[in-house]
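Here the structure comes first, spelled out in structure tokens, and everything after it is commentary.
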Number of protein chains: 2
Amino acid sequence: MSRGFAEDRPYISTLEAAKALGVSVSTIKRWVDVDILPAHRTAGGHRKLMRSEVLALARQGDLPREDLARLAVPIRKSDIDVKAVADALHRALLEGDVASSRAVVRCSYEAGLPIETLADEVIAPVMAKVGHGWETSQIDVWHEHRGTQVCTAALFELQTELERRAESERPLAIGAAPAGDLYILPSLLAQLVLLDAGWEAINLGGNTPLESLSKALRALRPRLVWLTISHLEDVEGFVSAYRDFHREADRQGAAVVVGGRALIEAVRARLPYSSFGDRLTHLGTFARTLHPRPKRPNRGRPRKV
Amino acid sequence: MSRGFAEDRPYISTLEAAKALGVSVSTIKRWVDVDILPAHRTAGGHRKLMRSEVLALARQGDLPREDLARLAVPIRKSDIDVKAVADALHRALLEGDVASSRAVVRCSYEAGLPIETLADEVIAPVMAKVGHGWETSQIDVWHEHRGTQVCTAALFELQTELERRAESERPLAIGAAPAGDLYILPSLLAQLVLLDAGWEAINLGGNTPLESLSKALRALRPRLVWLTISHLEDVEGFVSAYRDFHREADRQGAAVVVGGRALIEAVRARLPYSSFGDRLTHLGTFARTLHPRPKRPNRGRPRKV
DNA sequence: AACAATATGGTTGTTATGGACGTTTTGGTT
DNA sequence: AACCAAAACGTCCATAACAACCATATTGTT
């Protein structure tokens, strides 16, 4: 049974958007007219706003954000307690509760939690805890595997939602985890962050040789490449392959962003890159710098040019 | 673009158009009546809109497009051409066309293609072709990685759909791919088949040690365990670990189904199991034997979803 | 602190939209 | 060929979205 999920009605009216963002209908209409909010028109002239676009605006701007819960399934209150979300997800993942895990991820996103925060403050620590519990054998490997599966499913659901908003003119980013690195969540999260920042993001997944990534670079000519490194088997091999890869990226004019918990200082010092971030928040801000979204609502008199 | 798959049905109904354009059926009817949308009429007066016309208008004008993917591929059970589906998917995967790939998978399922068939006749051969193209270097590894990602996303979308229909009293099945096997699609497909057959199915994913699977067995007490084996590094180690695992499953009264392309005759001869299948159709029929679903009286026109 | 510039939010009359209704067509099954 | 339920039809109408306008709130500059 689907309870009023976004899938049922991707489009909302100006009134709904107004209520969700805590501004008047007139304002919403004006924002649409000056391209702050993208919208389609019906043949009769009614504006149709995409729900996810409104949420995206709310997430990045400092808007009143009156009642985002109206747009989505409310958690409890409109204030999101990151710690509580993490706890809820941890519990759901350990119990293998697919429905709850999905709901936690989806609801916190829809309630306005930025994907970067979701990744850095919720998913990363929770998965670390699950992994740690396995190492200290309080729980078993299969718990961790089940948790990863459930988490992956939840994130792919988000991916679907984010890709629905595809605009026409998006810059391209591609990324992966290098050969020998089998963790799939970090690169998937990076993809989600970039999609949310208005990019077209192609994730090649784990265990991708850097030589292959270079070829993809030549074929697709992206403006940004990300590399999430959670596990390094052969540091020397990686560093040498990376140098070739970075030269290629440089030649193509693509920015390179690297990150991941296996990228310790000793290794990082030997690599050239455009930006490093041990947290996806960095990737998000970097991506938004490179490709700022069109406009943001102003208040009062605009600055002089 | 999915040619040879959508072109057989050039006409759509008002409801389909309404869903695709994100407006109500009443509105579509009115638009046709005032010549905003061109349409033909059946003898009985039903409007038939040409798919391409609606698409063209939606793109050229500013009409909302709720889900153009829906327009891409509505088909009927009777005329699903498995070959055409496979071709469409192959093309979409090679091009990295996320939307089309998703649409092909979702629509063939919705049109009534059994998941087993989708797995055996569409996804397996297509992914084999993509993999083969890589080995013969007509395409590169990154093509194959991108294809796998896109395919995974499409399948997780199906998973969501299947779990939404979950009944309450379902027997439990768990499964995985063994240690060293990093292919994730086969086990995911097996999970989907079991979900479709009315089971609660937990997929532990690739690279799961059999010892861990045994522990999961003891903790969850499923009625069925599946094991998809696409790659075997250490045959001897696997066989010996498997024997322990099978003994445990036997003790718990769980049926064991094994399959996968790495399970060649020489290896299989040394393993005890409840059922073997190199195709997921076998898993499906076996699961339905173990847990027959109440047969629905099929009267009148079936729902088209 | 006063001013200018502009964003906001409420009005107006007008009209597109979408749900409800009972009826008819349709297409698959027996 | 008869049957049947899903789906489309036409009609009606309350709701809500539109454009245009104006008073007020908010903000940067003088």
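To find a chain, count down the sequence lines: A is the first, B the second, and so on, and within it residues start at 1.
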For this session: List in chain and number order the residues that pass side-chain contact (heavy atoms from CB on, under 4.5 Å) with A:S275, two or more places apart in sequence or in another chain; answer none if no residue qualifies.
Result: A:V257, A:F286
Exercise. Are any side-chain N or O atoms of B:D120 and backbone N or O atoms of B:L280, one a donor and one an acceptor, separated by less than 3.5 Å?
Worked result: yes
Exercise. Hey, is A:R164 close enough to A:E53 for a salt bridge, meaning N to O under 4.0 Å?
Worked result: no
Exercise. Can we say A:E116 and A:R288 salt-bridge, meaning some charged N sits less than 4.0 Å from an Asp/Glu carboxylate O?
Worked result: yes
Exercise. Just how far, in rounded Å, is P of D:dC18 from CZ of A:R41?
Worked result: 7 Å
Exercise. Excluding sequence neighbours, so at least two apart, what forms side-chain contact (heavy atoms from CB on, under 4.5 Å) with A:R170?
Worked result: A:A166, A:E167, A:L195, A:E200
Seminar exercise, completed: Reading nucleotides 12-18 of chain C from 5' to 3' and marking B where a protein heavy atom lies under 4.0 Å of the base, S where only the sugar-phosphate is that close, and - otherwise, the string is ----SBB
For this session: Inspect the contact between A:R102 and A:D97 and indicate whether a charged nitrogen and a carboxylate oxygen are less than 4.0 angstrom apart.
Result: no
Exercise. Rounded to the nearest Å, what distance is computed from the CD1 atom of residue B:I12 to the C1' atom of nucleotide D:dA8?
Worked result: 14 Å
For this session: Report yes if at least one side-chain N or O of A:R47 is closer than 4.0 Å to OP1 or OP2 of D:dA17; otherwise report no.
Result: no
Problem set entry | Length of the OH-P vector between A:Y11 and D:dA16, whole Å | 21 Å
Exercise. On DNA chain D, nearest-nucleotide positions of B:D33 versus A:K29: which is more 5'?
Worked result: B:D33
For this session: Ignoring backbone atoms, establish whether B:S13 has a side-chain N or O less than 4.0 Å from OP1 or OP2 of D:dA7.
Result: no
